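Following: one structure in structure tokens, then a few remarks.
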Amino acid sequence: MYFYILQNMMKKINLEFFCFVLWCFLFLFSSCTAKKQDEDIDLQQVKENSIQVSQPISTSTLIHYWDDYNFKNGEIVNNFPVLEQALINFIGLFPASGKEEISSSIRTMLEKAAVNKEVFNFFKDKYEKYLYDAASPLRNDVYYLSVLEYLVSTPHLSNIEKLRYKMLLELVNKNMPDSVITDFNFLNISGESQSLHHIQSTNKLLLFYDPACPHCAETIAEIGQDPNINTLVNQGKLKIVAICPVGEIKQWKAYRQNIPSNWINGFDKNAYLMKKKLYDIKAFPTLFLIDEKNKVILKDPSLEQFLGWFNR
């Protein structure tokens, strides 16, 4: 009898495991398909076509933004381009709103969309595309955190569906603004081990780069040529720490001519940062602006946002 019970338990476990593997396969397949379809959409034009609001708006504007959309209507799935533009404009209101208002409005609209599984999945995927995709000019981990917090707690997704979002939530939560940035050691150009936290400055820019990345070279050159940034660096008010966390040490040494001499250039020779996933590095380059107490000011800002912070 015990053998029979054990056998049934094993069958159940195997079935659940099979379902999980199948779900992962379907998820990856659908994700790749969706990505291929989205290749026709130029993400860099998104910001130009969206509403950008800088002045504070009322709480009701954000909470009631989706009131006129009837997600119960089955015909709404034929208007996904309209919904996508509406979502872009909705995200465009976030900078003029408070954190709690943003979080509450996201939960409200996703609950409203949950009456239609297809619409709910559409918004779920588009939030990731615009707020988390490295190529999106609207990407913002602070905003996407609210989406993930909802997705891991909602009854509208199965436990298996939530697994990926739980992992993403853990990753996104790392090194958020106002938190103390994760410390690590790196090899500097003199061959010495150095710690990020021990670098003293009013502000620090942590820049992760890959020598094989053309966009990294462009970003490094643009920051290095900015007169305001150079003045702050020369005055000792800003230290720029450029870290190569990938590749071979020979590549890093060969690339050092591309790093300005008044920057700190480092290499993670054991690939510790990437192996341990200490940082959420979606793409290269990835930037972090840090204060004198090693607290994060800006997480993964665009170059425009980083330069704009010093020209406020």
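These numbers were taken from a predicted model, which means no experiment stands behind them.
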- prompt: More than 12 foreign heavy atoms under 6.0 Å from CD of Gln235: is that the case here?
  reply: yes

message: Could you work out, with side chain to side chain contact (heavy atoms under 4.5 Å, CB included) as the rule, every residue matching Ser190, not counting sequence neighbours?
response: Asn188, Glu192

Identify every side-chain donor-acceptor pair in residues 268-277 under 3.5 Å, counting partners at least two apart or on other chains, and give the distances.
from   : atom 1 : to     : atom 2 : distance (Å)
Asp268 : OD1    : Tyr272 : N      : 3.3
Asp268 : OD2    : Tyr272 : N      : 2.7
Asp268 : OD2    : Leu273 : N      : 2.7
Lys275 : NZ     : Asn270 : O      : 3.4

- prompt: Just by distance, do the side chain of Asp226 and the backbone of Ile229 share a donor-acceptor pair under 3.5 Å?
  reply: yes

field: hydrophobic_cluster_shared for Leu287 and Ile281, side chain cutoff 4.5 Å
entry: no

message: Can you list everything that forms a side chain to side chain donor-acceptor pair (under 3.5 Å) with Tyr279? Sequence neighbours excluded, please.
response: none

field: Sub-4.5 Å side-chain heavy-atom contact between Glu101 and Ile63
entry: no

- request: Go through the steps to decide whether Asn78 and Glu75 satisfy the test side chain to side chain donor-acceptor pair (under 3.5 Å), and finish with yes or no.
  value: CA-CA 6 Å; Asn78 297 321; Glu75 294 299 316; 2.9 Å; yes

message: If you define the side chain from C-beta out and look only at heavy atoms, does anything of Ile181 sit under 4.5 Å from Leu196?
response: yes

task: Answer yes if the ring centres of Phe123 and Phe71 are under 6.0 angstrom apart, and no otherwise.
output: yes

message: Quick check for you: to the nearest 0.5 Å, what is the distance between Ser193 atom OG and Asn185 atom CG?
response: 4.0 Å

- request: Could you tell me whether the side chain of Ser136 and the main chain of Tyr130 form a donor-acceptor pair under 3.5 Å?
  value: yes

task: Could you tell me whether Asn234 atom CG has more than 12 heavy atoms of other residues or ligands within 6.0 Å of it?
output: yes

task: First locate atom CD of Gln257, then atom CG of Asn265, and finally report the distance between them rounded to the nearest 0.5 Å.
output: 11.5 Å

field: Short side-chain to backbone donor-acceptor contact, Asp178 and Ile297, under 3.5 Å
entry: no

message: Does anything in residues 284-297 form a side-chain hydrogen bond (donor to acceptor under 3.5 Å, both in side chains)? List the pairs, not counting sequence neighbours.
response: Lys204-Asn294

- prompt: Where do Tyr132 and Asp280 land on the side chain to side chain donor-acceptor pair (under 3.5 Å) test, with the steps shown first?
  reply: CA-CA 11 Å; Tyr132 192 66; Asp280 182 13; 3.0 Å; yes

- prompt: Looking at residues at least two apart in the chain, or sitting in another chain, which of them share a side chain to side chain donor-acceptor pair (under 3.5 Å) with Asn70?
  reply: none

- request: Examine Tyr65 together with Phe90 and report whether their ring centres are nearer than 6.0 Å.
  value: yes

- request: Taking all heavy atoms of Leu278 and all of Thr182, pick out the closest pair and write down the distance.
  value: O-OG1, 4.0 Å

task: Would you kindly confirm whether Met167 and Leu157 end up in one hydrophobic cluster when ILVMFWY residues are joined by side chain heavy atoms under 4.5 Å apart?
output: no

field: Exercise: identify the closest heavy-atom pair between Asn203 and Ser201
entry: O-OG, 2.8 Å

- prompt: What about Tyr255 and Tyr209, are their ring centers closer than 6.0 Å?
  reply: yes

field: Leu145 reachable from Val180 in the ILVMFWY side-chain graph, under 4.5 Å edges
entry: no

field: Derivation and outcome, side chain to side chain contact (heavy atoms under 4.5 Å, CB included), residues Phe186 and Ile264
entry: CA-CA 11 Å; Phe186 59 89; Ile264 297 171; 3.9 Å; yes

- prompt: With the 4.5 Å side-chain cut-off for hydrophobic clustering, are Leu110 and Val82 part of the same group?
  reply: no

message: Any non-hydrogen side-chain atom of Phe122 less than 4.5 Å from a side-chain atom of Asn116?
response: no

field: Test item: Leu87 and Tyr127 side chains (from C-beta on) under 4.5 Å apart, heavy atoms
entry: yes

message: Could you check whether any side-chain N or O of Ser153 sits under 3.5 Å from a backbone N or O of Tyr150, counting only pairs where one atom can act as donor and the other as acceptor?
response: yes

message: Using only atom types and a distance under 3.5 Å, with no angle test, would you say the side chain of Lys162 pairs donor to acceptor with the backbone of Thr154?
response: yes

query: For Trp309 and Glu304, what are the C-alpha separation, side-chain angles and deciding distance, and is it a side chain to side chain contact (heavy atoms under 4.5 Å, CB included)?
result: CA-CA 9 Å; Trp309 192 87; Glu304 178 187 12; over 6 Å; no

Donor-acceptor pairs under 3.5 angstrom involving side-chain atoms of residues 237-250: please list them, not counting sequence neighbours.
from   : atom 1 : to     : atom 2 : distance (Å)
Lys239 : NZ     : Gln200 : O      : 3.2

message: For a 4.5 angstrom cut-off between non-hydrogen side-chain atoms, does Ile199 reach Gln194?
response: yes

- prompt: Any donor-acceptor pair under 3.5 Å linking the side chain of Glu161 with the backbone of Ser158?
  reply: yes

query: Hey, is Lys282 close enough to Asp141 for a salt bridge, meaning N to O under 4.0 Å?
result: yes

- request: Find the distance between OG (Ser105) and NE2 (His64) and round it off to the nearest 0.5 Å.
  value: 11.0 Å

Validation row: Tyr165, Leu163 side chains within 4.5 angstrom (heavy atoms): no

- prompt: Does Lys299 reach the side chain of Phe288, with side-chain heavy atoms less than 4.5 Å apart?
  reply: yes

field: Nearest non-hydrogen partners of Lys112 and Asp67, listed with the distance
entry: NZ-O, 4.0 Å

message: Tell me whether Met176 shares a hydrophobic cluster with Leu206, the cluster being built from Ile, Leu, Val, Met, Phe, Trp, Tyr side chains joined at under 4.5 Å.
response: no

- request: Look at the side chain of Thr108 and the backbone N and O of Ser104, then say whether any donor-acceptor pair between them is shorter than 3.5 Å.
  value: yes

message: Can you confirm if the aromatic rings of Tyr69 and Trp66 lie within a centre distance of less than 6.0 Å?
response: yes

message: Other residues, nucleotides and ligands only: do more than 12 of their heavy atoms fall within 6.0 Å of CD on Glu170?
response: no

- request: Indicate yes or no for a side-chain donor-acceptor contact from Glu222 to the backbone of Thr219 under 3.5 Å, with no hydrogens or angles considered.
  value: no

- request: Side-chain contact test, heavy atoms from C-beta onward, threshold under 4.5 Å: evaluate it for Asp183 versus Ser195 and give yes or no.
  value: yes

